[in-house]
Amino acid sequence: MFDKMKKLFKNKNPDSKAYKFERAKAINNKSIKYVTERINNIDEVVGRSGAINIKGDELIVLSSFDIEFRCKIEDLIANDLMSLDGVVLSGHDLEHDGKFRTIIAYYSYYR
């Protein structure tokens with residue numbers, strides 16, 4: 001009963017802090033196949049096999065045994081791909097000197 005009411009009154013403002021934390025929790029612990037970044041209008045693979053995790057108030061994308069993207073959840077913009085095969089993450093990357101970056105993380109599927 002409570003879950004139905006929670007869905008009914010879910011925050012729908014994408015700029016609110018509560019919405020961003022809900023969105024981050026939805027993609028937490030997802031396994032990823034690879035990560036791309038658009039550089040000069042070309043999508044380049046920057047990492048393979050990893051995961052998306054939350055640590056404290058930060059969202060971290062790990063791939064190729066390295067941190068590809070680390071952002072405060074309050075500054076994060078996360079949108080699903082139309083195919084639902086991955087997520088587009090944008091924000092100030094703390095791992096790369098606070099530069100604003102946009103990456104695409106493609107989920108791995110286990111059948």
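Numbering of residues begins at 1 and proceeds along the displayed sequence. All values reported here derive from a predicted model rather than from experimental measurement.
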Quiz item: Is the number of heavy atoms from other residues, nucleotides or ligands within 6.0 Å of CG (D97) greater than 12?
Solution: no
Quiz item: Taking all atoms of both residues into account, what is the closest heavy-atom pair of S64 and G47, and its distance?
Solution: OG-CA, 3.4 Å
Quiz prompt | Closest non-hydrogen atom pair, A78 against V87 | solution = CB-CG2, 4.3 Å
Self-check item: Nearest-0.5 Å distance, CD of residue E68 to CG of residue D66
Solution: 5.5 Å
Quiz item: For the atom pair CG (L94) and NZ (K99), what is the distance rounded to the nearest 0.5 Å?
Solution: 14.0 Å
Quiz item: Under 4.5 Å between side-chain heavy atoms, hopping through other hydrophobics if needed: is there a path connecting V45 to I104?
Solution: yes
Quiz item: Any side-chain heavy-atom pair from D80 and R23 closer than 4.5 angstrom?
Solution: yes
Quiz item: Is the closest side-chain heavy-atom distance between F69 and L89 below 4.5 Å?
Solution: yes
Quiz item: Any donor-acceptor pair under 3.5 Å linking the side chain of D93 with the backbone of G98?
Solution: no
Quiz item: CG/D85 to OH/Y107 distance, rounded to the nearest 0.5 angstrom?
Solution: 9.5 Å
Quiz item: Shared ILVMFWY cluster between L76 and V61, side chains joined below 4.5 angstrom?
Solution: yes
Quiz item: Quick one: do F100 and V35 end up in the same hydrophobic cluster if we chain Ile, Leu, Val, Met, Phe, Trp and Tyr together by side-chain heavy atoms under 4.5 Å apart?
Solution: no
Quiz item: Roughly how far, to the nearest 0.5 Å, is the OG atom of S108 from the OH atom of Y34?
Solution: 10.5 Å
Practice problem: Identify the two heavy atoms, one from E37 and one from T102, that lie closest to each other, and give their separation to 0.1 Å. | Solution: CG-O, 3.6 Å
Self-check item: Interatomic spacing from CG in N53 to CZ in R70 - rounded to 0.5 Å
Solution: 13.5 Å
Exercise. With rounding to the nearest 0.5 Å, note down the distance linking CG in L59 to CD1 in I27.
Key: 5.0 Å
Quiz item: Is there a donor-acceptor pair closer than 3.5 Å between any side-chain N or O of K20 and the backbone N or O of I73?
Solution: no
Quiz item: Sub-3.5 Å donor-acceptor pair from the side chain of D75 to the main-chain atoms of G91, do we have one?
Solution: no
Exercise. Report yes or no: is the cationic atom of K33 (NZ for Lys, CZ for Arg) closer than 6.0 Å to the six-membered ring centre of Y106, at no more than 45° off its axis?
Key: no
Practice problem: State yes or no: do I54 and F21 share one hydrophobic cluster built from I, L, V, M, F, W and Y residues joined by side-chain heavy-atom distances below 4.5 Å, directly or via other members? | Solution: yes
